[in-house]
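Scroll down for the structure; my scribbles are underneath it.
When reading the values below, keep in mind they use all heavy atoms of this one structure, side chains included, and skip hydrogens, waters and symmetry mates. Counting starts at 1 for both ligands and their atoms, following the listed order.
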Amino acid sequence: MIIAFELIKKIADGKFHSGQALAQELKINRAHIWRAIAYLKSLKLEIYSVKGKGYKLASPIELLNEAHILENLSQKTATALNLLQVLSVTHSTNDYVKEHKLRSLPEKTAVVAEAQTQGRGRAGRTWFSPFGANIYLSLFWKLKQNLSGLSLVVGLAIAKSLEELGVTVKVKWPNDIYYENKKMVGILIESEFKPGADTQNIFIGMGLNVNLQGCAFGSSEADLELKNTITDLTSVLGVTPSRNLFIAVVLNNLVEFLEKFESHGFAYFLPMWEKYDYLMGKLISVIKPIASQNLVGHAKGVSQRGELLLDDQGVLKAICVGDIKVRENLR
Ligand code: BTN
């Protein structure tokens, strides 16, 4: 749908554009315009069509721009990164990187997309990925085998990036980022283990809500529930920050934190974790993956290896995996 991406450049300013003017500028007929609009709407972009006025986005969009991202990278990140790819629509940036690695994407590649049609969250969940609204980023990296605490370190790098923007967030173990009890960022880290190799392929995926105002949420119960439990940068800041600039800020911090993690491990980040720990002191349930019993207790921080520490009736347990549900706030 190349036409749709030409059309979005014309209407990205959030102003009305008549179908006729768009058809003339793009040298296509009105039916093609209509189809391109329908395609963009299918990517959850809210577009108003008003008779006599034309088409208008519910909220203006700053489209992704490779040059703009590159010019905001630090010297260190620009040197470290081998490739930055900006995609319009893909199924999932994590899957894209996995499928194209080695064939065309070298290690230390970052991929961002305007929309994902099959954005994936943790535990098989889907990730809401409307066009132009948010940041969908994947980073392909190779790390030495000991990865304990990596997901927490990635969460901290993003939390620090948000703080640089003036947004104070907390990180919910292992790495969901919350602003006042609502989720703003989700992180999905996947790895490929090759027996005998001294490094592993790591795919770090980040979905960060930037501006949900211009998105078409569905009306199902699940969509309403989603809408009530997430937040975005625009609601918090009162303005929509530049996605291009923020992608660069996140990459700068990720590169720095990953390099530190490689040389010092998670223990180096423990004091920082204490500052951002969302769960500390809360009564929580740990929903264990398959066949083992769920646990309930108070969160007591994390270990030197990044395991969640849970006070289960006086016994301190170290948790490596599990989904966390908060049952009550601080006692
Ligand atoms: C979660 O909180 O469940 C994790 C969400 C991770 C979403 C990001 S968006 C970029 C990357 N591509 C995906 O398909 N998922 C991750």
Side-chain angles (χ1 to χ4, degrees), residues 43-44 64 69 84-101 105 109-141 150-159 161-162 169-179 181-192 201-212 215 222-223 225-233 243-244 246-251 253-254 258 276 278-279 284 286-287 289 308 321-326:
L43 297 172
K44 312 273 182 218
L64 295 177
I69 300 171
L84 169 72
Q85 267 200 2
V86 177
L87 307 175
S88 46
V89 179
T90 188
H91 46 339
S92 146
T93 52
N94 263 32
D95 291 338
Y96 175 89
V97 176
K98 280 197 227 168
E99 287 158 18
H100 291 80
K101 72 162 196 307
L105 301 183
T109 284
V111 172
V112 285
E114 292 284 11
Q116 298 183 121
T117 52
Q118 289 161 51
R120 292 189 295 110
R122 283 203 311 276
R125 290 184 285 259
T126 55
W127 186 255
F128 184 59
S129 309
F131 188 97
N134 303 322
I135 295 174
Y136 318 110
L137 168 111
S138 294
L139 184 61
F140 167 34
W141 208 266
L150 170 67
S151 8
L152 285 68
V153 170
V154 170
L156 289 175
I158 295 163
S161 310
L162 287 163
V169 290
K170 294 272 183 193
V171 188
K172 179 180 168 218
W173 187 93
N175 56 20
D176 287 337
I177 300 199
Y178 274 68
Y179 177 83
N181 299 324
K182 289 197 169 181
K183 184 160 163 173
M184 185 181 269
V185 187
I187 296 163
L188 175 69
I189 300 183
E190 299 175 293
S191 60
E192 278 175 352
N201 291 339
I202 307 293
F203 308 95
I204 299 170
M206 177 198 83
L208 186 146
N209 300 332
V210 178
N211 181 11
L212 295 170
C215 308
D223 283 325
E225 153 105 24
L226 174 73
K227 214 174 163 178
N228 287 332
T229 52
I230 60 177
T231 189
D232 61 350
L233 280 175
R243 286 187 301 154
N244 291 305
F246 195 65
I247 288 167
V249 172
V250 167
L251 287 172
N253 282 311
L254 276 174
L258 287 172
Y276 287 99
Y278 174 79
L279 293 177
I284 59 170
V286 182
I287 319 292
L308 175 67
V321 278
D323 236 13
I324 309 299
K325 268 211 154 79
V326 176

Which ligand 1 atoms does [X] reach within 4.0 Å, using its non-hydrogen atoms?
| X | result |
| --- | --- |
| G119 | 14 (O) |
| G121 | 1 (C), 3 (O), 4 (C), 5 (C) |
| D176 | 2 (O) |
| G186 | 2 (O), 4 (C), 5 (C), 6 (C) |

Quick test of your reading of the model: are D223 and K44 salt-bridged, counting only N-O distances below 4.0 Å? no

Report yes if the side chains of E114 and L43 come closer than 4.5 Å at any heavy-atom pair, otherwise no.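 Contact flag for E114/L43 side chains = no.
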
How about I135 and V250: do any of their side-chain heavy atoms sit closer than 4.5 Å?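 No; the side chains remain at least 4.5 Å from each other.
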
Tell me, with the steps shown, if L188 and E190 meet side-chain contact (heavy atoms from CB on, under 4.5 Å). CA-CA 7 Å; L188 175 69; E190 299 175 293; 4.0 Å; yes

Which one holds for L137 and ligand 1: side chain close, backbone close, both close, or neither close, with close meaning a heavy atom under 4.0 Å?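 Just the backbone.
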
Using a 3.5 Å cut-off on N or O atoms only, is R125 in polar contact with ligand 1?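 In fact, backbone or side chain, R125 has no N or O that close.
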
Which residue supplies the protein heavy atom nearest to [atom], what is that atom called, and how far is it?
| atom | answer |
| --- | --- |
| atom 11 (C) of ligand 1 | T93 OG1, 3.3 Å |
| atom 15 (N) of ligand 1 | R120 O, 2.7 Å |
| atom 5 (C) of ligand 1 | W127 CE3, 3.4 Å |
| atom 12 (N) of ligand 1 | Q116 OE1, 2.9 Å |
| atom 3 (O) of ligand 1 | R122 N, 2.7 Å |

With a 4.0 Å cut-off on heavy atoms, does K183 reach ligand 1?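 Within the 4.0 Å threshold, so yes.
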
Considering all heavy atoms, the nearest G155-I177 contact: O-CD1, 3.3 Å

Give me the atom names and distance for the closest heavy-atom approach of K182 to N228.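 For K182 versus N228, the nearest heavy atoms are CE-O, 3.1 Å.
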
Donor-acceptor contact present, side-chain N134 to main-chain V210, <3.5 Å: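 Yes, the answer is positive, given that a donor and an acceptor are paired below the 3.5 Å cut-off.
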
Take L254 and V154 through the test side-chain contact (heavy atoms from CB on, under 4.5 Å) and record every step on the way to the result. CA-CA 7 Å; L254 276 174; V154 170; 3.9 Å; yes

